[in-house]
Amino acid sequence: MQKNKLLYTGKAKSVYETDSVDHLILVFRDDTSAFDGKKVEQLARKGRINNRFNAFIMQKLADAGIKTHFERLLTPDEVLVKRLNMIPVECVVRNFAAGSLCRRLGIEEGTPLTPPTFELFYKDDALGDPMVNESIAVSLNWATAEQLAKMQQLTHQVNAVLVPLFDAGGMMLVDFKLEFGLFHHEIVLGDEFSPDGCRLWDKQTRKKLDKDRFRQDLGDVVEAYEEVAQRLGVDLTDL
Ligand code: ADP
Ligand code: UDP
């Protein structure tokens, strides 16, 4: 598949048009950002590891019957995906309290959340990705109530697939963010699932194995991402 015009340069990926109107190529870069793009660094090999990792997870989700944009890996840092009309909200599910939930509510990190929570954030770095709700999303025409209900149901379904997967690798899936879009009027999972957009802790030691290592200057960020991939059996050869 031919890589044509550069459509968009995001914080971690670049998006290219292809020969097919229905497909895009995403290039996973080594750029790593936090705090709505205020902290940025290049972490060698991160893009390739996340590309491989994301392909592995998207395949697991497809096996569970969840529609995703993933088509196929093209090169170590490139993936072919369906071109979605993205809905500008981030869907977050939490199994344990961390990050903004702790800051907002003053609760202790690691507090179990039963059942898992679901939150929506408006995807806008300049505004700091503010929290929104379904009513706002519908009234601003970002999505219909039915589409939002489907996104919530799919996000919980992704959680139900991934919690046991990470558990088998000795990890707690603390929380994660998903993005959805429309492909010929159907809600489809887009973007990526990688340690950049979720929190993973070692079950025994609670060691952080995700982007919090970067946010909190804990070091060994890429090493932790590699460890997560290896624990799940993701093939990282040739990277
Ligand atoms: P950000 O925009 O948050 O900086 P990235 O650097 O990951 O994030 O950029 C990737 C961009 O591509 C995001 O804006 C994401 O919403 C968008 N995107 C992801 N998957 C698709 C897809 N299948 N079709 C269209 N856009 C997509
Ligand atoms: N997240 C993300 N992109 C964002 C905001 C959050 O991938 O723009 C992920 C984040 O990595 C975590 C989950 O969503 O796994 C919940 O994030 P939270 O609301 O706690 O915000 P944070 O404190 O991480 O900014």
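All residue numbers refer to positions in the sequence shown, counting from 1. Counting convention: from 1, in listed order, for ligands and their atoms alike. Computed from a prediction, not measured in an experiment: that's the story for all the values here.
Applying the salt bridge (Lys or Arg N to Asp or Glu O under 4.0 Å) criterion to Lys3, with sequence neighbours excluded, gives Glu78.
The minimum heavy-atom distance between Lys46 and Arg29, with the atom names listed, is CE-O, 3.6 Å. The two atoms that bring Cys91 and Phe118 nearest to each other are CB-CE1, 3.7 Å, heavy atoms only.
Here the protein heavy atom with the shortest distance to atom 4 (O) of ligand 1 is Lys11 N, 2.6 Å. In this structure, atom 7 (O) of ligand 1 lies nearest to the protein heavy atom Lys13 NZ, 2.5 Å. Nearest to atom 20 (N) of ligand 1 among the protein's heavy atoms is Asp191 N, 3.1 Å. Atom 2 (O) of ligand 1 has Tyr8 OH, 2.6 Å as its closest protein atom, hydrogens excluded (heavy atom only).
A salt bridge links Glu119 to Arg94: one of the charged nitrogens lies within less than 4.0 Å of a carboxylate oxygen. Residues Arg52 and Asp238 are not paired through a salt bridge, judged by the lack of any N-O separation under 4.0 Å between the basic side chain and the carboxylate. Salt-bridge formation is detected for the pair Asp212/Arg199: a Lys NZ or Arg NE/NH1/NH2 atom is positioned less than 4.0 Å from an Asp or Glu carboxylate oxygen. Between Lys203 and Asp167 there is a salt bridge, since at least one side-chain N of the basic residue sits less than 4.0 Å from a carboxylate O of the acidic one. Checked for salt-bridge contact, Lys13 and Asp191 meet the test: a charged N lies under 4.0 Å from a carboxylate O.
Among Leu26, Leu7, Leu84, Leu189, the residue whose heavy atom lies closest to atom 25 (C) of ligand 1 is Leu84.
If you number the atoms of ligand 1 from 1 as listed, the ones under 4.0 Å from a heavy atom of Val81 come out as 23 (N). Atoms of ligand 1 lying under 4.0 Å from any heavy atom of Glu179, numbered from 1 in the order shown and given with element: 15 (C), 16 (O).
The shortest N/O to N/O separation between Lys82 and ligand 1 falls below 3.5 Å. For the pair Glu192 and ligand 1, the shortest N or O to N or O distance does not fall below 3.5 Å. Checking only distances, Lys123 does come within under 3.5 Å of ligand 1, N or O to N or O. The shortest N or O to N or O distance between Ala12 and ligand 1 is under 3.5 Å.
In Met86, the part holding a heavy atom less than 4.0 Å from any atom of ligand 1 is the side chain. The proximity of Val15 to ligand 1, defined as any non-hydrogen pair under 4.0 Å, is limited to the side chain. Contact annotation for Leu24 and ligand 1: only side-chain heavy atoms (C-beta onward) come within less than 4.0 Å of the ligand.
Note: Tyr122 and Trp142 have parallel aromatic rings, judged against thresholds of 30 and 60 degrees for the angle between ring planes.
With no hydrogens or angles considered, a side-chain donor-acceptor pair links Asp235 and Thr237 at under 3.5 Å.
For CD of Glu108, the number of neighbouring non-hydrogen atoms (other residues, nucleotides, ligands) closer than 6.0 Å is 12 at most.
Each of Arg83, Glu71, Lys82 was scored for a side-chain hydrogen bond (donor to acceptor under 3.5 Å, both in side chains) with His23, with one residue passing: Glu71. When each of Asp196, Thr32, Asp210, Asp220 is paired with Tyr225, the side-chain hydrogen bond (donor to acceptor under 3.5 Å, both in side chains) condition holds for Asp196 and for no other.
Near ligand 2, Glu90, Val92, Arg94, Ala98, Gly99, Ser100, Arg103, Phe121, Asp129, Asp175, Phe176, Lys177, Asp196, Gly197, Cys198, Arg199, Arg215 each place a heavy atom less than 4.0 angstrom from the ligand.
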